[in-house]
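What follows is a single structure, written as structure tokens, with notes after it.
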Amino acid sequence: MDKNKRVADSPVAQFIMITIGAVIAAIGLQLFLVPNAILDGGVIGLSIILSEMTPVSLSIFIVLLNVPFLFLGYKRLGLKFTVEALYGILVLSIATKFFEQFPVVTEDLFLSTIIGAVVLGVGVGLVIRTGGALDGTEILAILISKRRPISVGQIVMIMNVFIFTLAGLLVFTWETTFYSMITYFIASKVIDMVVEGLDESLSVMIISERADELAHGFFEAVGRGVTFLNGEGAFTNDSKKVIYTVVDRLEMAQLRTVIRNVDPEAFVVVQRVNEISGSNFMDTGK
């Protein structure tokens with residue numbers, strides 16, 4: 001199963017999910033973060049700063065600041081992505097304007113930071129999982145990373161450090177600026193969970209003299225088969241069976257029990273899997 005697969009294949013379903021995600025993000029901004037002078041990173045953060053410094057509404061800046069990034073990324077990301085991203089940005093802009101009339105849910109900075117970050121992260125994560133975007137700074141980061149030996153994540157982090165520092169110097173207190181950094185960290189983790197899902201998958205490779213027994217034991221314990229790969233020792237030239245399988249976290253615990261009972265000396269390598277496709281992984285006993 002592809003963890004990053006879009007939640008729906010039809011364009012109508014995609015736009016519905018983008019709408020829902022953008023509205024949820026607006027709720028996090030206007031009912032928790034913005035009234036308490038807490039900002040997020042990226043274009044949304046810059047928009048909040050500029051809306052505090054000028055009489056122009058936050059909703060206007062969200063559109064104006066994102067458009068140049070979408071224009072820059074058009075040739076790289078294509079028309080479809082640009083249309084979906086622009087639609088999400090427009091919905092976010094309209095929703096933030098709509099929720100301006102509602103009172104803040106809580107004025108407690110700690111609660112506003114935690115709840116606002118989670119709500120914002122869920123909204124942005126839904127949009128990204130569906131194939132859209134609400135922030136153009138990552139597009140710029142991708143373009144810069146092609147020309148410089150620095151990763152997209154590092155560029156985004158540098159941008160956000162600049163934005164938070166700017167907020168502390170020009171608009172907000174350093175206390176709320178630090179809360180903003182916490183908001184960004186929490187929201188980014190929630191986005192990852194929404195986009196990738198809560199179920200973590202692990203790929204496992206096992207080298208053992210008792211490979212057949214391990215495979216049988218794992219099938220008996222979990223009901224899932226494994227794949228045998230042909231291996232050869234570089235120095236001994238001995239042929240070995242290498243067990244390969246993909247499991248979730250609960251199955252990994254059962255697999256460890258099987259290994260401990262059958263061959264405690266087995267060589268085991270475990271890696272996190274970010275994407276799975278073209279398999280019946282979700283069906284056990286196949």
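Keep in mind that this is a model prediction, so the values were computed, not measured.
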Item checked: Value rounded to 0.5 Å, distance of CG in Leu65 from CD1 in Ile44 -> 11.0 Å
Check: At what distance, to the nearest 0.5 angstrom, does CD1 of Ile186 lie from CD1 of Ile191?
Finding: 12.0 Å
Notebook entry, point to check: Ile259 pairs by side-chain contact (heavy atoms from CB on, under 4.5 Å) with which of Val262, Asp263, Leu255?
Noted result: Leu255
Notebook entry, point to check: Going only through I, L, V, M, F, W and Y residues with side-chain contacts under 4.5 Å, is there a path from Val104 to Val119?
Noted result: no
Next item on the list: Could you check Val204 against Val268 for side chain to side chain contact (heavy atoms under 4.5 Å, CB included), going step by step and ending with a plain yes or no?
Entry: CA-CA 7 Å; Val204 185; Val268 183; 3.9 Å; yes
Notebook entry, point to check: Heavy-atom distance under 4.5 Å between the side chains of Glu84 and Phe15, does that happen here?
Noted result: yes
Note to self: Once rounded to the nearest 0.5 Å, what's the spacing between atom CG of Leu86 and atom CG of Leu79?
What the structure shows: 10.5 Å
Notebook entry, point to check: Any chance CZ of Phe162 has more than 12 other-residue heavy atoms, nucleotides or ligands included, within less than 6.0 Å?
Noted result: no
Notebook entry, point to check: To the nearest 0.5 Å, what is the distance between CG (Leu33) and OG (Ser180)?
Noted result: 8.0 Å
Note to self: Can you tell me if Phe185 has over 12 outside heavy atoms packed within less than 6.0 Å of its CZ?
What the structure shows: no
Item checked: Ile206 CD1 to Ile243 CD1 distance, which is reported to the nearest 0.5 Å -> 4.5 Å
Item checked: Over all atoms of both residues, closest heavy-atom pair of Leu70 and Ile89 -> CD1-CD1, 3.7 Å
Note to self: Is it true that Thr19 and Tyr87 share a donor-acceptor pair across their side chains at a distance under 3.5 Å?
What the structure shows: yes
Item checked: Glu213: partners by salt bridge (Lys or Arg N to Asp or Glu O under 4.0 Å), with sequence neighbours left out -> Arg210
Checklist line | Inter-residue atom distance Ile20.CD1 - Leu126.CG, 0.5 Å rounding | finding: 7.5 Å
Checklist line | Val247 versus Thr245, closest heavy-atom pair with distance | finding: CG1-CG2, 4.0 Å
Could you pull out every donor-acceptor pair under 3.5 Å between side chains of residues 167-175 and any protein atom, sequence neighbours left out?
from	atom 1	to	atom 2	distance (Å)
Thr173	OG1	Thr176	N	3.3
Thr173	OG1	Thr176	OG1	3.3

Note to self: Using the side chain to side chain contact (heavy atoms under 4.5 Å, CB included) criterion, which residues pair with Gln101? Sequence neighbours excluded.
What the structure shows: Phe98
Check: Can you list the steps and then say if Phe178 with Phe164 is a side chain to side chain contact (heavy atoms under 4.5 Å, CB included)?
Finding: CA-CA 8 Å; Phe178 292 138; Phe164 291 136; over 6 Å; no
Check: Which atoms form the tightest heavy-atom contact between Ser112 and Asn36, and what is the distance?
Finding: OG-ND2, 2.8 Å
Note to self: Can you confirm whether Ile163 sits close enough to Leu39 that some side-chain heavy atom of one is under 4.5 Å from a side-chain heavy atom of the other?
What the structure shows: yes
Note to self: I'd like to check Val270 versus Met252 (side-chain heavy atoms, cut-off strictly below 4.5 Å). Are they in contact?
What the structure shows: yes
Only distances under 3.5 Å count here; give the side-chain donor-acceptor pairs of residues 55-63 to other protein atoms, sequence neighbours excluded, each with its distance to 0.1 Å.
from	atom 1	to	atom 2	distance (Å)
Ser57	OG	Ser59	N	3.3
Ser57	OG	Ser59	OG	2.9
Ser57	OG	Glu100	OE2	3.3

Notebook entry, point to check: Looking only at heavy atoms, what is the nearest atom pair of Leu214 and Ala266, with distance?
Noted result: CD1-CB, 4.5 Å
Next item on the list: Verify the neighbour count for atom CZ of Phe71: are there more than 12 heavy atoms of other residues, nucleotides or ligands below 6.0 Å?
Entry: no
Check: Do Leu120 and Asp40 touch side chain to side chain, with heavy atoms closer than 4.5 Å?
Finding: yes
Notebook entry, point to check: Which atom pair, heavy atoms only, marks the closest approach of Ala22 to Val91?
Noted result: CB-CG1, 3.6 Å
Margin query: Counting C-beta onward and ignoring hydrogens, is there a side-chain heavy-atom pair between Ser203 and Tyr244 closer than 4.5 Å?
Written below: yes
Notebook entry, point to check: Going hydrophobic residue to hydrophobic residue with side-chain gaps under 4.5 angstrom, can you get from Val34 over to Ile94?
Noted result: no
Check: Tell me, which pairs form a ring pair (Phe, Tyr, Trp, His ring centres under 6.0 Å) where one or both residues lie in residues 18-42, sequence neighbours left out?
Finding: none
Note to self: Testing the basics here: between Ala221 and Val258, what is the closest heavy-atom pair and its distance to 0.1 Å?
What the structure shows: CB-CG2, 4.0 Å
Report, one line per pair, each donor and acceptor closer than 3.5 Å where one atom sits in a side chain of residues 24-31; sequence neighbours left out.
from	atom 1	to	atom 2	distance (Å)
Gln30	NE2	Thr96	O	2.8

Margin query: salt bridge (Lys or Arg N to Asp or Glu O under 4.0 Å), that's the test. Do Lys241 and Glu209 meet it? Break it down for me.
Written below: CA-CA 8 Å; Lys241 282 185 178 179; Glu209 299 294 337; over 6 Å; no
Note to self: A side-chain contact here means heavy atoms from C-beta on lying under 4.5 Å apart; do Asp212 and Phe228 qualify?
What the structure shows: yes
